[in-house]
Amino acid sequence: MISQRTTPSLILPGHPLSKGVVGCWLFNEGAGNTLLDSSGYHHTWTLSGPTWETGKSGPALRFNGSTDYASMGDQNLLDVDGTTGITLVARVKTTSAADQFVLNKRPSAAAGWNLRVYTGGYIQAYWKDAEGDALSASIDGVQVNDGQWHDVALVHDHAAHSMTRYVDGRQTGTVNSNASFGNAANAASVYLGMNEGGANYFSGSMEFVYFIRRALTAAEIAWLYREPFAFLQPVGVRSPAMVTGGSTHDLAGSISATSNLSASAKVSRNVSGQIRAVASLSGVLSVTSASPATTPGTVKAWRSGALYNGLTRAASKLGTALTGGLFWTRRTGCSALYRGPSRVDVDFDTILSVVDRDSQQIALPSYLSHEPDSRYCYVVRRFNGCGDLEQTSSAAVVVRIGADGELANAVPNEILDLHASQIAGNRVQLLWFYCHLDEQAAPKGFNVYWDSGAGQIDFDEPLAHVAYLGPKRHGYVSDSLTDGAYRFTVRAVGADQTESMSLSSVSCSIATSPPPTITMLVAEAIR
């Protein structure tokens with residue numbers, strides 16, 4: 001059991017990738033001699049020599065290969081205790097072909113673990129328990145010393161007696177053993193960029209490092225490569241600074257598509273209404289009917305973009321579509337297409353396509369890529385002829401892509417209005433609704449998950465299963481619980497056991513102790 005966090009955490013509660021994260025160093029400090037732990041467990045590195053630089057997606061540290069390293073004292077949560085697996089993840093860049101350590105918690109010839117870039121530029125790792133059973137990842141043909149950023153990962157699966165290495169989300173090698181794999185804990189310090197004793201210094205740059213007390217699956221490693229910060233709390237975006245003078249530079253880049261979406265999406269709900277339940281898709285992204293426009297709001301996306309940010313790509317695209325050129329107003333308005341990884345993270349600053357307001361079909365741009373084992377949320381918004389966003393004119397659909405790069409099997413809708421309350425017997429009652437409108441697959445029931453009071457929801461084993469009883473309110477009542485705060489989430493389950501991927505959760509506190517007694521005071525009037 002992982003102990004409670006000692007400091008505030010940036011980890012997103014209930015996210016599938018957040019379970020077991022006990023070390024999360026994002027290198028966001030950008031200056032100073034410490035690396036803080038965003039997991040909330042206060043595992044702080046002390047830097048000895050590395051210098052700050054700009055990395056691939058933020059600040060990074062440069063190690064000189066001879067004297068630079070970071071260290072912290074013995075940490076129990078960073079041990080391999082013989083009861084669970086571990087996953088180590090780091091983003092590194094190096095050109096050295098020498099044997100150099102990325103992470104190490106193993107004194108020479110003793111029990112412990114390490115992750116390193118081995119001689120020749122290959123990822124390697126080592127693990128040894130107190131009984132002398134050892135597992136060393138063999139050398140494979142994938143080299144990372146090419147001077148480019150690479151996300152490397154090591155998964156030690158205690159149950160499978162295996163050690164698997166990954167580079168940029170792809171498996172590069174696995175080694176297995178029949179050993180018992182007992183306790184590998186030790187009292188040694190932990191080192192970043194060095195082997196204990198001042199040897200095998202890392203030569204290159206690092207940008208982030210994660211320590212996870214469980215064995216991630218291949219699909220989770222691929223997800224973490226695509227979205228390395230997916231399990232972190234969202235941070236508000238600041239308004240851009242207004243700077244006078246200077247010059248403007250256009251940035252160009254390229255998009256590499258791993259797989260293509262062979263079918264487009266279908267929205268079987270009128271775009272002039274608000275959709276709360278979203279299902280996975282099949283077919284063509286289309287609108288089944290076109291109702292009159294609703295009351296416009298005050299958001300003028302293309303005009304405010306042009307006023308405050310210059311003639312941006314979005315302002316030009318939407319403004320040109322609305323005016324039918326650059327001068328004459330198109331009285332009918334238009335519809336715009338957006339995309340994001342989920343409904344709450346749709347990128348409304350980037351317009352993917354603009355069509356006539358009453359268009360029944362929106363073609364996806366050919367440059368859009370759809371990664372395997374991923375999902376995307378497409379949203380359609382309608383604007384009137386003045387560029388005002390109509391507040392209720394939106395429709396959304398979720399695209400799920402399977403491991404083969406093709407459209408994944410349909411799943412039921414997400415549940416609605418999940419509530420939790422304490423009832424008699426120190427139990428928790430959960431209540432929720434399910435809306436079957438626009439569903440692509442009917443639910444057979446619901447899986448209830450919880451965090452056991454530890455703060456991290458366990459999605460590996462459901463707490464309970466509730467049968468689907470039709471379009472009505474559903475509920476679940478827990479067993480008697482002790483004092484504490486508990487977090488729950490509920491996912492609809494289809495006939496093929498596929499689940500809706502809802503991350504929304506609800507918490508409830510149990511208080512079994514009676515309120516403290518109070519002393520009644522006597523008051524007298526004073527004349």
Notebook entry, point to check: Side-chain contact, heavy-atom cut-off 4.5 Å: Met194 with Phe202?
Noted result: no
Note to self: Is it the case that the side chain of Asp451 and the backbone of Arg487 share a donor-acceptor pair, with hydrogens and angles ignored and the cut-off at 3.5 Å?
What the structure shows: yes
Note to self: Within the structure provided, determine whether Thr482 and Asn426 are in side-chain contact (heavy-atom separation under 4.5 Å).
What the structure shows: no
Checklist line | Heavy-atom pair of closest approach, residues Leu481 and Ile510 | finding: O-CG2, 3.7 Å
Note to self: Can you tell whether the side chains of Asp460 and Lys19 come within less than 4.0 Å, N to carboxylate O?
What the structure shows: yes
Next item on the list: Search all heavy atoms of Gln171 against all heavy atoms of Thr174 and return the closest pair with its distance.
Entry: NE2-OG1, 2.9 Å
Next item on the list: Sorted by first residue and then second, give each ring pair (Phe, Tyr, Trp, His ring centres under 6.0 Å) pair with at least one member in residues 81-114; sequence neighbours left out.
Entry: Trp113-Phe211
Check: Do Asn104 and Glu196 have a side chain donor and acceptor closer than 3.5 Å?
Finding: no
Notebook entry, point to check: Is there a donor-acceptor contact under 3.5 Å linking the side chains of His161 and Asn176?
Noted result: no
Margin query: Keeping Asn114 on the side-chain end and Tyr126 on the backbone end, is there a donor-acceptor pair under 3.5 Å?
Written below: yes
Item checked: Check: His465/Asn447 side-chain N/O donor and acceptor closer than 3.5 Å -> yes
Next item on the list: Would you kindly say whether Thr34 and Glu29 are connected by a side-chain donor-acceptor distance under 3.5 Å?
Entry: no
Check: Any side-chain donor-acceptor pair under 3.5 Å between Arg339 and Tyr376?
Finding: no
Check: Would a 4.5 Å heavy-atom cut-off, applied to side chains only, mark Ile457 and Ser505 as touching?
Finding: yes
Notebook entry, point to check: With side chains defined as the heavy atoms from C-beta onward, is the minimum distance between Phe27 and Leu61 less than 4.5 Å?
Noted result: yes
Check: Which atoms form the tightest heavy-atom contact between Leu216 and Glu220, and what is the distance?
Finding: CA-OE1, 3.4 Å
Next item on the list: Could you tell me whether the side chains of Glu499 and Tyr449 share a donor-acceptor contact shorter than 3.5 Å?
Entry: yes
Checklist line | Contact summary for Ser96 and Ser203, nearest pair of heavy atoms | finding: CB-CB, 4.1 Å
Next item on the list: Write down the atom of Phe231, the atom of Cys24, and the distance for their closest heavy-atom approach.
Entry: CE1-SG, 4.2 Å
Item checked: Side-chain heavy atoms of Val152 within contact of Val102, under 4.5 Å -> no
Check: Under the salt bridge (Lys or Arg N to Asp or Glu O under 4.0 Å) rule, what pairs show up with a residue in residues 110-119, not counting sequence neighbours?
Finding: Asp99-Arg116
Check: Any ion pair linking Lys105 and Asp79 (charged N to carboxylate O, less than 4.0 Å)?
Finding: yes
